[in-house]
Every structure is written in C-alpha cells, then in structure tokens.
Enquirer: 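What follows is a structure written as structure tokens; I'll ask about it next.
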Amino acid sequence: MIRQAKGKTPRRPPPKKTSNNQKDPVGVYCRVRPLGADDEECCIEVISNTTIQLHAPDGLKANRNGEYKETQYSFKKVFGIKTTQKELFEDVAKPLVEDLIHCKNGLLFTYGVTGSGKTHTMTGSPGQGGLLPRSLDMIFNSIGPYQAKRYVFKPDDKNGMEVQNQIDALLDRQKRDSQSTVPKTPNTRRIDPEFADMISPEDACRADGVDEDSSYSVFVSYIEIYNNYIYDLLEETPFDPIKPKPPQSKILREDQNHNMYVAGCTEVEVKSTEEAFEVFWRGQKKRRIANTQLNRESSRSHSVFIVKLAQAPLDADGDNVLQDKNQVNVSQLCLVDLAGSERTSRTRAEGSRLREAGNINQSLMTLRTCIEVLRENQMCGTNKMVPYRDSKVTHLFKNYFDGEGKVRMVVCVNPKADDYEETLLVMRFAEMTQEVEVARPVDRPICGYTAGRRQRNQAFKDELTRRLEDRGGPVDGEFPTVLNQLLQSFPPLPPCEVSGPNDDVTLPRLIEALEKRHRVRQMMIEEYNKTADMLKSVLQEQDSNILSKENFIHEQRGKLGEKDKMMQNQKNEIDRLEKKSKMLEYKIDILQKTTNIYEEDKRSLQHELESREQRLQREMSEKRRMESRMQGIVTDAKLKWEKECERRVNAKQLEMQNKLWVKDEKLKQLKAIVTEGKTENRQPQRPSREKDKVPPKRSASPSPVPTGPAVRPLHRRSHSAGGERWVDHTPSSNVDLDTVLQPNIPNAIKVNAPNEKALSKCDKYVLTHQEVASDGEIQTKLIKGEVFRTRGGGQAVQFTDIETLKQESPVSSSRKRRSSERRDARGESGPDGEPMDGDWTDVETRCSVALEMRAGSNLGPGYQHHGYTKRRKP
Ligand code: ADP
Ligand code: MG
C-alpha cells in the first residue's frame, strides 16, 4: 500500500476571515399560520408570494386617526396558511443544510409573537416535522455513507475539533458500549414513539456534491437562553428527585478564530437522524421539566439547537481520516426558536415573571438594535459599534453578522386581529432585517489528495475480500490466467506414486522436484517483490507528480478565484462608474438645456438691446438736429431782438432827447415867464415851439414798464352850479405873508398836502409855492391847474397857469426848500412810505408833470407828460 509520509501532507492555508466582499441580505421569510378559530377576526391578507397586507382591526381604525391604515410588507417569500412543512423546508432550510455540508455556516431563526407558529415551524408536530428534524434528516441522508466512526472526531474544549487515532477511538467506543444500555446500532433501536412521526423518511432530501473523500461527523448541542442566562439542555446531571439542583448557567467565550461558543457545552456526536432527534427531544423534555419546576414560561426563552458538522479528508489510502487538526473543517447550523416578541406577557405575568419579561424584551430589543446599527453602518458607511454584547443571543451570533455565513429568518404571524399591534412591530423589524447584509461564506479549498480515494480504497477492499473468498473456496479454474500460465511453466512433477516400501527413488525425486519448485517460487516471490517495489516507487513517483500537479492546479485555481474576484470588483467599479457617468450625462444634458435657454434669452435680450440702441441713436440724432435748429432759431431771435433793442434804444434816445429838449424849452419858457413877471415884459410864447412838443412815440413791442394808454383823454369835471371848487394846496412850511397879495379863494378846500379825497371833490387846483428870488425877496407863485378824472378812477392835475407874487423874506433870503415841500407838491409817497427823492426839485419840473392817482391803488403813481400849452395867467 502507498502511504504518504505524514510530514509531506500538503497544508491548507488557515481560513482567512471574511476575505470575501460579496454580501447577501438576510433572507427574511414570512409564514402565516391559519386562524385558530374560524370566527376570529383576521388582519392579514397574503397578496402575493412575496407580499402581505395588514389591515387595522375596526376598533383600532376608529380610535387612531389614519395612523393604522393598510400597510404592505414584502419578504423574500411569503408562505400562506396552506404551506406544508416540506415546502417551507425546501425553500428556507435546504440551502442552509447544503451550505453546512460544504463547510459553510448558517443561522436560521424563527421570530414572532407567542402562538404565531415559531415552534411549529422549527420543531413541528407529529406527522408535521419542522425545519429542525428535516434538516437533520437531510444531513444524514447526504453524509450517511461517509461518516467517520464514532469518536474519530473529538471536540476539544476550545470550540475546536481533533482527530483521534484509530485505537483511542476504538477504546472510547468500547467504553461507551459497556456503559450504555441502549442497543448499539440505531437500526435495531426502537424509535421513541413520541417523536417517531416527526421524522418522515419518505420526504428524504439529499445534498449534492458531497465530498466522498472526506469523512464526516455530526455533533449537536442544545441550549436555552432564559433571562439572559445560558443553560445547557444536554448536560447529564444526576437527577435528584428530592432536592433538584437548579441548572448551572454557562458562559460565552471566543475561540481563536474569534467565533463565539458556549464554554463547556455538551456536544453529542450523533450518527443518524433518529439519534440526533432523540438527543434534541431529550433536551426538549429537560427544558419542559425545568420550566415547570422553576415556574418559567417557555415562550420567554430562546432555544438554540446547534448542529456541528466536522469533516476531514481521508488519508491518501482513502482508508482512514487524516490525522491532522488543520485539515478538519467544522461548520455549524444554528436553529433558533426565539422567545415570543410580544411586549407583555401573554399569561398575565406578575412579580418575578414580569421582571423576566423585561429581560426577554431586553434581549430581543438588543437584537433589534444590533440589526438597526448594522443596517445603518452598511447603508451609510458608518462604523458604529454594534452592541452584540448587550445580550447573550446577539453575542452568540455575532460572527454571523460581522463574520460570514448565511442568515435566514422566518417571521411567523398569526393573522388574528388581537395580535395586530404586535404583528405590526414584528413586520417593521422584519423589514429592517432584510436590509442587513451578511458576507457570503467562501468556498473552502479542497485538500491536496487525489480525488476518488474512498472509492479506490473500497474497490481494493472489495477485490481483496473476493480473492480471499476465492482462495478459501474450491479451485475451480478461476485463477487469473497469468497464475495459471505461471504454474504451467513449471517443470512437471515426477510421478509420485510410491511403488513399495523400499522405493527410495520416488520420494527423493519428488522432494527434489518440490525443492526445485520451492526455489523457483522463492525466486519468483523475490522477483515479484522486486517488481512490486519498483512498481510502488513508480506509482509513488506518479502519485507525488499528480499531487504536485494538483497542488499547482489548486494554486492556479486560487489565483483564478482571486482574479475572478478582482474582475468582479472591477466590474462593480465599472458599473458604478457607468452609473455615475450616466448620471453626469444626464446632468450635462440638463445643463445644456439650461444653457440653451439662457443663450436664447441672451440673444433676445441682445436683440432688444440693439433695437433700443438704434432707437436711442435715432433719438440722439433727432435731438442734435433739433438742437441745431433751436440754435438757429435762437440766433435768429437773438439777432432780431438785438436789432429790435437797438432800434428801441435809438427810439428811446430820440424820445429822451425830445423830452430833454421839451424840458429845456419849458425851462426856457418858465425863465421867460419869470423874467417877464419881474420886468413885466413878458415875451409871448413861441408857437413854433409848441408843435415840437410831440408826445413820445411808443413802440409796438411790449414795454417792460406798463405806462397805460398812449394819450389818455382827460375829462374835465363838470362845473357845479355854485361855480368852480378849488383845492388850495398850501404847504405848511410856507411863510405867512399876511399881505394884500395873499390869495383868497372862496369855497376852497385847504390842504397841506394834496389828497385824493379833496381832489375828487374839486375841479381846480392851486399850489401856493414860495421861493427866494435872486433879489432876496420871497417869491410866491400860485401854480394853478385843472383836476381831471382819469380813466383808472384816480385824479390828475393839469397845470394851466403860474401866478407870481413877490415879497421880502422875513427870515432868510437863502432859505432852501425842504424835501417835504416837494413831497407835498406831489402829494405822493413811495410804495414803501419812504419819501421819494428825485429830480423833482423845482417847480418847473413839477409843472410839467400831471399827477395821477388810481382809485384804491397804492402801487404809486403813473406819470406822463402832457403836451398842453401853458397859459399865462394875466
Ligand atoms: P409559538 O412557538 O410561536 O408560540 P406555536 O408553534 O407553539 O407558536 O403555535 C401555536 C399553535 O398554533 C400550536 O398549536 C401549533 O400547532 C399551531 N400552529 C402554528 N402554526 C401553524 C401552522 N402553520 N399550521 C397549523 N397549525 C399551526
Ligand atoms: Mg414556541
């Protein structure tokens, strides 16, 4: 036989922890159980095989406004009330069992309120085995023929698995047999009728791709977590019916691969479905008893059934399990029946039970929190600490979430309306759980030995047995032809019939022949051995060749896997980039459109701007034209006006010259009168001068100072019946002469200053004017005039005559007249009441001026020359 030296065993690299970046969401399934009674109100409807709909019960709807409307929840799959246990198993648990056999871990738990069917789903009932018995059955159906002998695999106390040598295993087996009272083989054993119907061999399931060149062994443990304490349900404790010892709780530990395990937990090696289920049932019973004894409520505890599958490659012979701890693979499937998720106890717990309820809530709450944080971390890329350690349940399953494995959950619901509110919470939790992703377990690399070892070994064993049997039986010519030929090639035996007692030839000859044959045989054996050894070494060489090739292939496969992974990563990256690029393209598109719109806007605005600019230009040129036109008009007007002004100034100058001339003439006349009066030799007025007294010519253009009509016709006041009435104006400064010459006018109104009132009543005016003559005598002149009513309603005086009375001055010959007199003579004051100073200094000037006062006017007098001939008073 070819035996590989132990040291040459190709070592498998230690399993890497989550080198895998492929993830799968937690598979969440929903199972709706049938209503307990037909008359119960139902609040759940299965809409499709992935969706259910919750209806709020009528009472709730009425109470809470709109909050409880119809809600839909989707799952990986929904199992309606008619779903069989088998169907459920095929969908939910079968892949997990397949994974288990292929060295991958799995976690399956049932979640829901009490009475929703968790235990029914997990364990089942007689005739309706649940996921657990079916999983066990599938495991044993798959690995049955490849199971190692009992005690070949032996769990160490650190969650690891060792391979015992054949002898130790044999000794352990013998020990067990001697202790155990049960029959050795399960086939002959009577199956517990209590659960017999739960395992149904007719539904047999089998995993594909079981490695025949490996040896398998199944270990089960069963724990209960109650009030956050872990109890081993398979622990063998001597039962004391008088004083039952309370069960001891276990603690959690982490092994060298950072996997959590229950320290010191019993692991029972089982070789068949029946045996495994029997162990489970034992634990179940123990649980029931403990719950009854300790007055606990089973719905408040979590039960965890752990199936561990150890597998190790056969040695190169395909005969025994390879004794190498590193080659042992252990995978596990945890089947968890969680405590009822309801917030309050269903059985109206009081006191300590209520406190327990708090704890159970706590552990499920922790589960919820962990799932929440996980989801948040995964979705938002955060790195929040997941509080696995806050409860035993989550702590135990930590590795499934932060390590790798397949996690599935069956959410059980009872459609009855009473459960509505709790069910709603269950649904929300389930929805959230579906968003958590767990790293997909990687394929374990195969060991370095040639495949088909078990089969070859079996074939060899079969052949050997057959041959042995053949040799033991009668020679019937069935020896292999080679052997026959060999035998025939020997020299024939001499006749061996002894002729008589003295025949000493036959026997020695026979002996010689036989000895010869013996020698030949010896030689042949040697030859055979030599050839066999040679063949062996050739085969060994071949084997090692193949081995190295296989190693190479393995290596290449590993590389290929890595490349595949890389490619996958790159593909993902490409996908991501493509998505991004699509997004960007979309954005660009939008921006382009926006740009187009803006450009359109810009164009139209520019267009408008241009048209406005043109308009502005037009208006500007229009304005300039207008300006130049205006300038022309202004220059024209200016020129015209300048000419006009010049013309007027000339006219005015002429007029003024005329006036000056008139004044001169008057002065001359006055002087002539004066001289005439003195010498009593008056010169007659020169009529020739009279015609020079032309009234000033007025311009047709408007004058800045309004002067009234050109020649105002003066209306003479009609004489009253009593004769003429006089205004006798005697300035108060006059010297009382008391002479004969003193004029005395009867019926006259005497005034010191002329006023309108007086003037209006009279038609004659006389001013007694005194002045010192050249000879020192006071000369008194009586200046007479006629009063006229003017068209403006005022009075005007037209001087007509001057009479001179002469007398010697009593005071001073050089007395100067005061301005007040002049004021009196005019009878007027300025608009501001100030005395008017001016060129009215002498009587001559005053004489030539007619006074005009407008009725009701205080604007001041208008004045004008009246070209009337002065008559001399005789
Ligand atoms: P839980 O473990 O969630 O408290 P159980 O599994 O004990 O609930 O179920 C309560 C009852 O309902 C049991 O009598 C069980 O047989 C029954 N039941 C639950 N689910 C189903 C189902 N799918 N079909 C028929 N009966 C069911
Ligand atoms: Mg239950």
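Just so you know, these numbers come straight off a predicted model, no measurement behind them. Residue numbers start at 1 and run along the sequence shown. Both counts, for ligands and for their atoms, begin at 1 and track the order of listing.
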Enquirer: Between the main-chain N or O of Leu107 and the side-chain N or O of Gln332, is there a donor-acceptor pair closer than 3.5 Å?
Expert: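 No.
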Enquirer: Measure the distances from the heavy atoms of Arg31 to every atom of ligand 1 and state whether one is below 4.0 angstrom.
Expert: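 Distance cut 4.0 Å: Arg31 passes for ligand 1.
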Enquirer: Centre of Tyr226's six-membered ring, under 6.0 Å away, within 45 degrees of the axis: is that where NZ or CZ of Arg296 sits?
Expert: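 So Arg296 does make the cation-pi contact.
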Enquirer: Please list, in number order, the atoms of ligand 1 under 4.0 Å from a heavy atom of Val113.
Expert: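 With Val113 as reference, the close atoms of ligand 1 come out as 3 (O).
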Enquirer: Identify the protein heavy atom lying closest to atom 7 (O) of ligand 1, giving its residue, its atom name and the separation to 0.1 Å.
Expert: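 It is Thr119 CB, 4.0 Å.
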Enquirer: Determine yes or no for a side-chain-to-main-chain donor-acceptor pair under 3.5 angstrom, with Glu269 supplying the side chain and Tyr151 the backbone.
Expert: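 Flag set: sc Glu269 to bb Tyr151 pair under 3.5 Å.
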Enquirer: Can you tell me how the ring of Tyr229 sits relative to the ring of Tyr231, calling it parallel under 30°, perpendicular over 60° and tilted otherwise?
Expert: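 Tyr229 and Tyr231: tilted rings.
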Enquirer: At less than 4.0 angstrom from any non-hydrogen atom of Thr114, what atoms of ligand 1 do you find?
Expert: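 That gives atoms 4 (O) of ligand 1.
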Enquirer: Which atoms form the tightest heavy-atom contact between Ile306 and Cys334, and what is the distance?
Expert: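 Reported closest heavy-atom pair: CG1-SG, 3.8 Å.
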Enquirer: For Thr121, is at least one N or O under 3.5 Å away from an N or O on ligand 1?
Expert: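 Looking only at distances, the answer is no, because the N/O contact criterion of under 3.5 Å is not met.
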Enquirer: Protein N, O or S atoms less than 2.8 Å from the Mg ion (ligand 2), ignoring waters?
Expert: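 N, O, S partners closer than 2.8 Å: Thr119 OG1.
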Enquirer: Please report which non-hydrogen protein atom sits nearest to atom 24 (N) of ligand 1, along with the residue it belongs to and the distance in Å to one decimal place.
Expert: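 Checked against all protein heavy atoms, atom 24 (N) of ligand 1 sits closest to Pro34 CD, 3.3 Å.
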Enquirer: Just by modelled atom types, is the Glu235 backbone N or O under 3.5 Å from a matching donor or acceptor in the Lys286 side chain?
Expert: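 It does hold such a pair.
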Enquirer: Among all protein heavy atoms, pick out the one at the shortest distance from atom 6 (O) of ligand 1; state its residue, atom name and that distance to 0.1 Å.
Expert: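 Protein heavy atom at minimum distance: His120 N, 2.7 Å.
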Enquirer: Can you tell me how far apart CD (Glu437) and CD (Gln378) are? Round to the nearest 0.5 Å.
Expert: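 Between atom CD of Glu437 and atom CD of Gln378 there are 5.5 Å.
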Enquirer: Any chance the side chains of Glu45 and Gln53 put a donor and an acceptor closer than 3.5 Å?
Expert: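 Side-chain D/A pair, Glu45 to Gln53: absent.
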Enquirer: Atom 8 (O) of ligand 1: which of Gly117, Ser341, Gly340 has the nearest heavy atom?
Expert: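 Shortest heavy-atom distance from atom 8 (O) of ligand 1: Gly117.
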Enquirer: Less than 4.0 Å is my threshold; does some heavy atom of Thr83 fall inside it relative to ligand 1?
Expert: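 No, Thr83 has no heavy atom closer than 4.0 Å to ligand 1.
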Enquirer: Mind checking whether Gly112 has a heavy atom under 4.0 Å from ligand 1?
Expert: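 No heavy atom of Gly112 comes that close to ligand 1.
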Enquirer: Can you check whether a protein heavy atom sits less than 4.0 angstrom from atom 14 (O) of ligand 1?
Expert: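 Given the 4.0 Å cut-off, atom 14 (O) of ligand 1 does not count as touching protein heavy atoms.
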Enquirer: Can you tell me if Arg150 and Ser217 form a side-chain donor-acceptor pair at under 3.5 Å?
Expert: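 There is no such pair (donor and acceptor under 3.5 Å, judged by atom type) between the side chains of Arg150 and Ser217.
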Enquirer: Please report which non-hydrogen protein atom sits nearest to atom 17 (C) of ligand 1, along with the residue it belongs to and the distance in Å to one decimal place.
Expert: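 It is Arg33 NH1, 3.9 Å.
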Enquirer: Tell me whether Arg287 forms a cation-pi arrangement with Trp281, defined as NZ or CZ under 6.0 Å from the six-membered ring centre and within 45 degrees of its axis.
Expert: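 No, a cation-pi geometry is absent between Arg287 and Trp281.
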Enquirer: Would Ser299 count as a contact of ligand 1 if the rule is a heavy atom under 4.0 Å away?
Expert: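 Checking ligand 1 against Ser299, which is what was asked, there is no heavy-atom contact under 4.0 Å.
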Enquirer: Any idea which protein heavy atom is nearest atom 1 (P) of ligand 1, and the distance to it?
Expert: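 Ranked first by proximity to atom 1 (P) of ligand 1 is Gly115 N, 3.3 Å.
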Enquirer: Can you see whether Thr273 engages Asp137 through a side-chain donor-acceptor pair at a distance of less than 3.5 angstrom?
Expert: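 Judged by distance alone, the side chains do pair up.
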Enquirer: When the ring planes of Phe305 and Tyr222 are compared, do they come out parallel, tilted or perpendicular, using 30° and 60° as the limits?
Expert: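 Ring orientation of Phe305 relative to Tyr222: perpendicular.
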Enquirer: Between Ser303 and Asp337, is any side-chain donor less than 3.5 angstrom from a side-chain acceptor?
Expert: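 No.
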